[in-house]
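Written below as C-alpha cells is the structure these notes are about.
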Amino acid sequence: MSFQVTVKDGYSAARRGVLTTPHGKINTPIFMPVGTRGAVKAMSPEELEELGAEIILGNTYHLFLRPGMEIIRKAGGLHRFSGWEKPILTDSGGFQVFSLAQLRKLKPDGVEFSSHIDGSRFFLGPKESMQIQRDLGSDIVMAFDECTPYPCSHQDAAKSLEITTRWETVCRDEPLNEDQQLFAIVQGSVYQDLREQSAKSLVELDFPGYAIGGLSVGEPEDQMYECLDWTVPHLPETKPRYLMGAGLPRQIVEAVARGVDMFDCVIPTRLARHGSAFLNNGETIPVKAGRFADDFSPIDEACGCRVCRKFSRAYIRHLVQVGEILGLRLLTYHNLYYFINLMKEIREAITAGEFSKLRERFK
RNA sequence: GGUGGGGUUCCCGAGCGGUCAAAGGGGGCAGACUGUAAAUCUGCUGCGGUAGCUUCGGUGGUUCAAAUCCACCCCCCACCA
C-alpha cells in the first residue's frame, strides 16, 4: 500500500496522509507546483527544494513536442534530464484537449492535434500518452482524458464521459514501468449523475489514485464544491484524491475539507509572472502597480520566506517595472512559498484538530 | 552675431488647412488569469452625463475652417563666427 492516511479531521472529511513513490514520500494534503515543460517557470530545482516542494508536475503534450521523446529517452527520463530528483507527476495531455480545443480533432481512439508551435499534426491517445509518460519516467502517471469545458450540456458531458471512460480503460491496460502509479480521472462536468457514474466505474477498475478533473475551468465556485460533494464520497478512503488544476487558497482549503489530498495550479506561478503576490489572507496584490513604488515594506510582513525577509515591495515593483527577470523570480518564489506553506499549515492544523479554525480564516 | 532645425495632450514622438481631442510608443489606472499556446492578454488614459467645452510655446492675423498658413515675440538645439 503506497498511500497511508495518518490523521483524520473530526469535523470534516479532511485528512493527512503519506504517499510513497520511487523518488520519495509526499505528505498530503499537498500542493504540487506546475512544471509543464520540464521546469517550474522561473525556478531552479534547488529553489524548489528550498521552498519545500515535494513533487512537481510535467506535461506529456508539451514534452512530447519539445524536446521530444528521443531526447528524453537518451537523457534517461525526465528526472535525470531536469535535475529534479524528487517525485514527478505527469499530466497526460488531457488538459490540452480542453485548452487547445481549436487545434485538435477528437477521434474515437484519441486526439489529432495540430501542434501549437508549428501546426504539424500528430496523434495523442490513451495508448500514446501512457507510452510517453512511461518514457518520461514520472512517479505518478495521469490517465488520458478529455477535460470537458464549462459550460457543457448534459448530453455533451455524457458523450465526453463515455469517451474518457473508454480511454481510461485503455490506459489501465497499457504497461507502465513497474513502480509508476496510474491515477484515473473522474469527469462528468457539473452533473451529479455523471460524476457518480464516472467515479463508480473508475473505482471498479481499481486505480492506485483518483483525480477529479474538469473543474476550475470557469464554473462558479459553489458548483465546484458541489461536484466535489458528489464525487469524493464515492472514491476509496484508502486511495489518494487529486483535484486537478485547483486552485485559489480558499478553494484548496474547501477541497481539503471535502477529503481531497493533492492539488496543482498555475495560479501562484502565473500570477507571479504577471506581477501579483499572495498575501497571508489568500488575497493578492498587484505589486507591479505604481502605488507600491515607494513601499519599502515586504510583500507580506507575516510571511517568513526569503524574499519577504530581504526585499521590499518597492524593489520588486521596480524590477518588474523595468523587466528584470529577477522580479518575476522573486514573486514566483514568494507565491510558491505561500502555497507550500499553506499546505503545511493545513497538515499541522489537521493533526492539531484545528482545521476548522483554519478553514474559518478563508471564509 | 550669422545660418539651419525645433517647441504637440504626464513623457517621447507623428501630424503639417477640414475626415484631429490629435497616430505610435512609454508611463499611469483598471481588469482577466485555476491539470500553463500566458515574463501574457483586454480596456481606459484633456474636461463633461450626452449636447458640448477647452487644448498643440505666446500674441495678433489670414480663412467658412488652423496644431497645420502669415507676422512679431519668447525659449531650445546644431553648425559657423
message = When you compare the ring of A:His62 with the six-membered ring of B:U36's base, are the centres less than 5.5 Å apart and the planes under 30° from each other?
response =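 Check failed, A:His62 does not stack on base of B:U36.
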Any strand counts, and the cut-off is 3.5 Å on both contacts for Watson-Crick or G-U wobble. Which nucleotide pairs with [N]?
N: B:C10; answer: B:G26
N: B:C69; answer: B:G61
N: B:G35; answer: none
N: B:A21; answer: none
N: B:G49; answer: none
N: B:G4; answer: B:C77
N: B:C16; answer: none

Side chain of [X] (C-beta onward), nearest among [options]:
X: A:Ser216; options: B:U34, B:G35, B:C33; value: B:U34
X: A:His116; options: B:A37, B:G35, B:A38; value: B:A37
X: A:Gln251; options: B:G35, B:U34, B:A38; value: B:U34
X: A:Ile325; options: B:G35, B:U34, B:A39; value: B:A39
X: A:Arg273; options: B:G35, B:A39, B:A37; value: B:A39
X: A:His274; options: B:U40, B:G35, B:U36; value: B:U40

key: Sub-6.0 Å ring centroid separation between A:Tyr61 and A:Phe113   = yes
ask   = When the aromatic ring centroids of A:Phe296 and A:Tyr315 are compared, is their separation below 6.0 Å?
value = no
Looking at [Y] and [X], is there a salt bridge between them, counting it only when a charged N and a carboxylate O are closer than 4.0 Å?
X: A:Asp9; Y: A:Arg15; answer: no
X: A:Lys8; Y: A:Glu237; answer: yes
X: A:Arg359; Y: A:Glu354; answer: no
X: A:Lys239; Y: A:Asp206; answer: yes
X: A:Glu254; Y: A:Arg258; answer: yes

ask   = Just by distance, do the side chain of A:Gln251 and the backbone of A:Leu248 share a donor-acceptor pair under 3.5 Å?
value = yes
If I take atom [atom1] in residue [X] and atom [atom2] in nucleotide [N], what distance separates them, rounded to the nearest angstrom?
X: A:Leu336; N: B:A39; atom1: CG; atom2: P; result: 15 Å
X: A:Tyr210; N: B:G35; atom1: OH; atom2: C1'; result: 19 Å
X: A:Met142; N: B:U36; atom1: CE; atom2: P; result: 11 Å
X: A:Phe31; N: B:U36; atom1: CZ; atom2: P; result: 11 Å
X: A:Ile285; N: B:C33; atom1: CD1; atom2: P; result: 18 Å
X: A:Leu100; N: B:A37; atom1: CG; atom2: P; result: 6 Å
X: A:Gln223; N: B:U34; atom1: CD; atom2: P; result: 17 Å
X: A:Phe278; N: B:C33; atom1: CZ; atom2: C1'; result: 10 Å

Base B:U36 to side chain A:Thr269, donor-acceptor N/O within 3.5 Å cut-off =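 Such a pair exists between side chain and base.
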message = Any N or O donor-acceptor pair under 3.5 Å from the base of B:G35 to the side chain of A:Asn59?
response = no
Every protein N/O lying under 3.5 Å from an N/O of nucleotides 26-29 of chain B:
from  : atom 1 : to       : atom 2 : distance (Å)
B:G28 : OP1    : A:Arg317 : NH1    : 2.8
B:G28 : OP1    : A:Arg317 : NH2    : 2.8
B:C29 : OP1    : A:Gly290 : N      : 3.1
B:C29 : OP1    : A:Arg291 : N      : 3.4
B:C29 : OP2    : A:Gly290 : N      : 3.0

Need one value for [X]: base, sugar-phosphate or nothing, where a base atom within 4.0 Å counts as base even if backbone is also close, heavy atoms only.
X: A:Glu324; answer: nothing
X: A:Ile185; answer: base
X: A:Leu328; answer: base
X: A:Gly218; answer: nothing

Could you give the distance separating [M] and [N] at their [atom1] atoms, to the nearest angstrom?
N: B:U9; M: B:C47; atom1: P; result: 15 Å
N: B:U34; M: B:C44; atom1: C1'; result: 27 Å
N: B:A23; M: B:U40; atom1: P; result: 24 Å
N: B:C16; M: B:U68; atom1: P; result: 13 Å
N: B:U3; M: B:C73; atom1: P; result: 14 Å
N: B:G2; M: B:G18; atom1: C1'; result: 39 Å
N: B:G57; M: B:U8; atom1: C1'; result: 10 Å
N: B:G15; M: B:G6; atom1: P; result: 10 Å

request  = Please collect all salt bridge (charged side-chain N to carboxylate O under 4.0 Å, His left out) contacts where either partner lies in residues 304-317 of chain A, sequence neighbours excluded, each pair once.
outcome  = A:Glu50-A:Arg306, A:Asp295-A:Arg313
ask   = When clusters are formed from ILVMFWY side-chain contacts under 4.5 Å, directly or step by step, what else is grouped with A:Leu194?
value = A:Phe95, A:Phe98, A:Tyr150, A:Leu161, A:Val190, A:Tyr191, A:Val217
message = On RNA chain B, does the nearest nucleotide to A:Gln102 precede the nearest nucleotide to A:Gly275 from the 5' side, or the other way round? Give the residue.
response =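 Per heavy-atom nearest nucleotide, the more 5' residue is A:Gln102.
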task = Please state whether the phosphate of B:G35, meaning OP1 or OP2, lies under 4.0 angstrom from any side-chain nitrogen or oxygen of A:Gln96.
result = no
Any A:Arg270 side-chain N or O less than 4.0 Å from OP1/OP2 of B:U34 =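 The answer is yes; a side-chain N or O of A:Arg270 sits under 4.0 Å from OP1 or OP2.
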inquiry  = A quick test of your reading: do over 12 heavy atoms of other residues, nucleotides or ligands sit less than 6.0 Å from CD of A:Glu85?
reply    = no
